[in-house]
Participant: 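Let me begin by handing over the structure; questions about it come next.
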Amino acid sequence: MIYLVITPFFPLPGHWWGGYVFDQVYAIIKSGIFDKVVVLRNMSIGNSFDYNCNGIDVYGLPTLSMPSNIFTGNGIQKRINNYFLKKKLRNLGLDLSQISYVHLHTFNNSLYASFFKSRGCTTLLQHHDLNPYGINFGKFADRKWSINFVGRKSVENFADIDCHLCISEACRDNLIKFPTIREGEVYRSYISKLSNYKGPRPIIQNTYILYNGVDTHIFKQAAKLKKDPIFTVGCIAGFTEIKNQITLIKAIEHIVAHGDKDIKLKFIGTGPLQSLCLDYIQQRGLGNYIVVEKGRNHEELPEFYHSIDLFCLPSFFEGFGCVFTEAYACGVPFITCRYQGVEALIPDDLKDKFLLDDPFNYIHLAQLIADYKSKRHEFYLLKDYDISILINEYCKWLLASYPKN
């Protein structure tokens, strides 16, 4: 009984991007439920290679990706990618009759679903963000023809998916309700695209909520408390529009301007809006209170979490956010925005203390930070975050729901 994973997200030699999928695959292997777990990683045609990642064999799958998501899912792309898929399976000596479950990641890989479905495999498609149909990605994403082409192809391919794995209830809402706008959505770019979609609605056969888990062997509370006497807020994320770091910077500025100088903000991240944020920090004279650190390796991140008192990321188009549960596993509470994926884990009695109603209201965010700084409210989550527990429950559910002989 083979469990096959096809994903664009997996660490490459020298680069740990996609580490959460590594953790997931490692937990599936560790469950011992399947005879074999095989990982195919999408790579560009002519530049694919096989490698070993911390004990897991990873096989490069030559994949034609459409530049800037233009006409993704078209017939030529589908035929080419299925050709390379079948060739790779033959080279690996994989018998399709032994492949019980195929775990695809992201809408791009849904074009493989019909091939596997016709061979009797159970097809699973995991969505990692609030854009499950792919309409919000690419240079031409604002054009109606692009929205409708990509959206229609995703809807077509999703018909061959037995079960969609969603990283949160918010992610599932955007999957099932498409193109209806879900409650609390504020991302105008995405809202406008939903309004311009005129194609058929999707047929979703089944869904399963599979939260992004945490490897608790790496992310755990420190034996010693942080030594820095200054209250420290931390944030890890790429500097982009939806991560919304500028609102956090303005919140710290507001706190300092109102007399509380005993505070510090530490960032880890790079991205297109980093220079804008750095310029704002410099122009407003906040260099003594806000610093941007260099990136760290995955296994070094717990040290960062252990050095802060509060984690804060006011992102507003967040499917889940591994950083939130990583911080919590390290003993650090977090503040984020309402209507994002991780809200499902936060009890109702804590939402007014740790969730921001308006992602752009830096004054309210400053109040939440200052309130926690002075009162240190107890913080806890409602659901499991240990990836081993989450994956074991998922695997048992999978076998019970889609049994194989």
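Note that the coordinates shown come from a computational prediction; the quantities given were computed from them, not determined experimentally. Position 1 is the first residue of the sequence; numbering continues from there.
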Participant: For the pair E185 (side chain) and Y339 (backbone), establish whether a donor and an acceptor sit closer than 3.5 Å, ignoring hydrogens and angles.
Facilitator: no
Participant: Which of these passes side chain to side chain contact (heavy atoms under 4.5 Å, CB included) with F116: I161, L124, D162, L85?
Facilitator: L85
Participant: Would E156 and K153 pass as an ion pair if we require N to O under 4.0 Å?
Facilitator: yes
Participant: Hydrogens and angles aside, do Y289 and E253 bring a side-chain donor and acceptor to less than 3.5 Å of each other?
Facilitator: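 Result is no, nothing qualifies.
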Participant: I'd like to check V37 versus V25 (side-chain heavy atoms, cut-off strictly below 4.5 Å). Are they in contact?
Facilitator: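 A side-chain contact under 4.5 Å exists here.
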Participant: For H103 and Y3, run side-chain hydrogen bond (donor to acceptor under 3.5 Å, both in side chains): C-alpha distance rounded to whole Å, both residues' side-chain angles, the deciding distance at 0.1 Å, then the answer.
Facilitator: CA-CA 7 Å; H103 185 156; Y3 190 100; 2.6 Å; yes
Participant: Would you please say whether a donor-acceptor pair under 3.5 Å links the side chains of K383 and Y211?
Facilitator: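 Note: K383 and Y211 side chains meet the donor-acceptor criterion.
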Participant: Can you tell me how far OG1 of T325 sits from OH of Y385, rounded to the nearest 0.5 angstrom?
Facilitator: 9.0 Å
Participant: Could you tell me if the ring centre of Y402 sits under 6.0 Å from that of Y101?
Facilitator: no
Participant: Taking the six-membered ring for Trp, are the ring centroids of Y133 and F158 within less than 6.0 Å of each other?
Facilitator: yes
Participant: Quick check: does any side chain N or O of N174 sit under 3.5 Å from a backbone N or O of L130, one acting as donor and the other as acceptor?
Facilitator: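 Checked: pair present.
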Participant: Taking the six-membered ring for Trp, are Y328 and Y380 ring centroids under 6.0 Å apart?
Facilitator: no
Participant: F22 and W17: aromatic ring centres closer than 6.0 Å?
Facilitator: no
Participant: What pair of heavy atoms forms the shortest contact from L382 to A344, and how long is it?
Facilitator: CD1-O, 4.1 Å
Participant: Thinking salt bridges, do R296 and E299 make one under a 4.0 Å N-O criterion?
Facilitator: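 So R296 does not pair with E299 through a salt bridge.
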Participant: H298 pairs by ring-ring contact (aromatic ring centres under 6.0 Å, His included) with which of Y20, F304, F219?
Facilitator: F219
Participant: Given side chains that start at C-beta, do those of D309 and V233 come closer than 4.5 Å, heavy atoms only?
Facilitator: no
Participant: Do T216 and D386 get their side chains close enough for a donor-acceptor pair, meaning under 3.5 Å?
Facilitator: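 Present: a donor and an acceptor within the cut-off.
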Participant: Is it the case that the side chains of T106 and N109 hold a donor-acceptor pair, with the cut-off being a distance below 3.5 Å and no angle test?
Facilitator: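 No, no side-chain donor-acceptor contact under 3.5 Å.
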Participant: Can you check side-chain hydrogen bond (donor to acceptor under 3.5 Å, both in side chains) on K266 and T232, steps first, answer last?
Facilitator: CA-CA 7 Å; K266 297 198 301 185; T232 305; 5.9 Å; no
Participant: I'd like to know whether the aromatic ring centres of F334 and F354 sit less than 6.0 Å apart in this structure.
Facilitator: no
Participant: Do I167 and H127 come within less than 4.5 Å of each other through their side chains, counting heavy atoms only?
Facilitator: no
Participant: Side chains of E326 and Y305: donor-acceptor distance under 3.5 Å anywhere?
Facilitator: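 Side chains of E326 and Y305: pair found under 3.5 Å.
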Participant: Under 3.5 Å, is there a donor-acceptor pair between the N108 and T72 side chains?
Facilitator: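 Judged by distance alone, the side chains do not pair up.
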Participant: Between Q24 and Q126, does any side-chain donor sit less than 3.5 Å from a side-chain acceptor?
Facilitator: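 Side-chain D/A pair, Q24 to Q126: present.
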Participant: Please indicate whether E303 has more than 12 foreign heavy atoms, meaning atoms of other residues, nucleotides or ligands, lying under 6.0 Å from its CD.
Facilitator: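 Incorrect, the count does not exceed 12.
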Participant: Tell me if the aromatic rings of F320 and H128 count as close, with their centers under 6.0 Å from one another.
Facilitator: no
Participant: Are F107 and V155 packed together at the side-chain level, in the sense that at least one heavy-atom pair is separated by less than 4.5 angstrom?
Facilitator: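 Result no, sub-4.5 Å side-chain heavy-atom pair not found.
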Participant: Around atom OH of Y83, are there more than 12 heavy atoms from other residues, nucleotides or ligands closer than 6.0 Å?
Facilitator: no
Participant: Before we go on, tell me: are the rings of F239 and F267 under 6.0 Å apart, centre to centre?
Facilitator: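 Ring centroids of F239 and F267 are less than 6.0 Å from each other.
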Participant: For the rings on Y197 and F178, is their centre-to-centre separation under 6.0 Å?
Facilitator: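 Y197 vs F178: aromatic centres under 6.0 Å.
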Participant: Is D142 salt-bridged to K193, cutoff N-O under 4.0 Å?
Facilitator: yes
